[in-house]
Enquirer: 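This structure is in structure tokens; I'll ask about it shortly.
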Amino acid sequence: QVQLVESGGGLVQPGGSLRLSCVASGFTFSSYTMGWFRQAPGKEREFAAAINWSGRFKYYADSVKGRFTVSRDNAKNTVYLQMNSLKPEDTAVYYCAATREIEVSIGSTYDYWGRGTQVTVSS
């Protein structure tokens with residue numbers, strides 16, 4: 001069965017850092033673009049970052065560009081999201097997802113989703 005399992009979330013102070021991981025299984029990980037989405041309470045899910053199958057191309061929402069870095073290790077079937085200079089508005093449940101399509105910022109294009117990990121940025 002397909003599984004995407006996020007980890008690394010938690011409580012961090014503004015300006016701090018977290019590194020999220022997502023371990024995939026049950027599909028050909030290296031054939032998929034991997035994305036990160038987030039959903040804050042009372043708000044719609046939004047795109048944060050994505051990385052193509054090889055890691056050569058990376059995509060970021062304007063809200064996280066310059067602060068977040070997405071990477072992947074295909075040998076470990078794992079995608080990462082390094083989050084620096086965190087702000088309270090980054091507080092959300094973060095989800096990883098997998099797609100074979102090219103429109104990476106649209107959630108409906110993704111085939112598989114994890115259950116999410118909570119990130120809370122607060123002093």
Side-chain angles (χ1 to χ4, degrees):
Q1 74 285 7
V2 170
Q3 283 193 306
L4 296 172
V5 182
E6 303 95 336
S7 63
L11 175 64
V12 64
Q13 294 184 347
S17 297
L18 285 173
R19 192 191 198 198
L20 306 183
S21 299
C22 174
V23 179
S25 60
F27 66 100
T28 305
F29 179 79
S30 60
S31 296
Y32 281 75
T33 289
M34 298 299 299
W36 287 97
F37 291 76
R38 64 187 187 179
Q39 187 167 21
K43 295 193 173 183
E44 295 184 355
R45 182 180 60 196
E46 67 174 4
F47 171 76
I51 184 168
N52 85 310
W53 69 271
S54 68
R56 180 175 181 181
F57 301 105
K58 301 175 182 180
Y59 315 88
Y60 299 98
D62 288 342
S63 58
V64 309
K65 191 174 299 182
R67 300 187 298 119
F68 291 10
T69 302
V70 64
S71 61
R72 69 191 295 161
D73 185 341
N74 284 348
K76 296 180 178 180
N77 281 13
T78 302
V79 62
Y80 306 95
L81 187 66
Q82 178 67 47
M83 306 185 295
N84 299 325
S85 302
L86 283 162
K87 305 174 181 179
E89 51 262 46
D90 295 318
T91 295
V93 176
Y94 283 72
Y95 301 89
C96 68
T99 181
R100 295 175 65 89
E101 301 185 19
I102 61 173
E103 196 168 10
V104 300
S105 66
I106 306 299
S108 61
T109 70
Y110 285 76
D111 298 316
Y112 309 125
W113 291 83
R115 291 186 174 184
T117 185
Q118 177 70 50
V119 172
T120 302
V121 185
S122 176
S123 58

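The figures that follow rest on heavy atoms only: side chains count, while hydrogens, waters and symmetry mates do not.
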Enquirer: Supply the atom-to-atom distance K76 NZ to F29 CZ, rounded to the nearest 0.5 angstrom.
Expert: 12.0 Å
Enquirer: Taking C-beta and beyond as the side chain, do R115 and C96 meet within less than 4.5 Å on heavy atoms?
Expert: no
Enquirer: Do S17 and N84 pair up side chain to side chain, a donor and an acceptor below 3.5 Å, judged on atom types alone?
Expert: yes
Enquirer: Could you walk me through whether V79 and V70 pass the side-chain contact (heavy atoms from CB on, under 4.5 Å) check?
Expert: CA-CA 7 Å; V79 62; V70 64; 4.0 Å; yes
Enquirer: If you measure from CZ on R38 to CZ on R45, what distance do you get to the nearest 0.5 Å?
Expert: 14.0 Å
Enquirer: Do T109 and V104 come close enough that some side-chain heavy atom pair is under 4.5 Å?
Expert: no
Enquirer: Under 4.5 Å between any side-chain heavy atoms of Y112 and F27, yes or no?
Expert: yes
Enquirer: Might you point out which heavy atoms bring S30 and N74 nearest each other, and give the distance in Å?
Expert: CB-ND2, 3.7 Å
Enquirer: Let me confirm one number: the OG-NZ distance from S71 to K58, rounded to the nearest 0.5 Å.
Expert: 6.0 Å
Enquirer: Once you round to the nearest 0.5 Å, how far does CG of L20 lie from OG1 of T78?
Expert: 12.5 Å
Enquirer: So, Y32 versus R100: side-chain donor-acceptor pair below 3.5 Å or not?
Expert: no
Enquirer: Rounded to the nearest 0.5 Å, what separates atom CG in L81 from atom OG1 in T117?
Expert: 11.0 Å
Enquirer: Is any side-chain heavy atom of M34 closer than 4.5 Å to one of L4?
Expert: yes
Enquirer: Here's one to test your reading of the geometry: is the NZ or CZ of R72 within 45 degrees of the ring axis of Y80 and under 6.0 Å from its centre?
Expert: no
Enquirer: I'd like to know if K87 and D90 make a salt bridge, using a cut-off of under 4.0 Å between side-chain N and carboxylate O.
Expert: no
Enquirer: Looking at side-chain heavy atoms only, is the closest gap between T91 and Q118 below 4.5 Å?
Expert: yes
Enquirer: Should the ring pair F37 and Y110 be called parallel, tilted or perpendicular, given that the plane angle runs from 0 to 90° and is split at 30 and 60?
Expert: perpendicular
Enquirer: Could you measure the distance from the OG1 atom of T33 to the CH2 atom of W53? Nearest 0.5 Å is fine.
Expert: 10.5 Å
Enquirer: Using atom types as modelled and distance alone, determine if a side-chain donor or acceptor of S85 lies under 3.5 Å from a backbone N or O of R67.
Expert: no
Enquirer: Does the side chain of S122 come within less than 4.5 Å of P88's, by heavy atoms?
Expert: no
Enquirer: Would you say the side chain of C22 lies within less than 4.5 Å of the side chain of W36, judging by non-hydrogen atoms?
Expert: yes
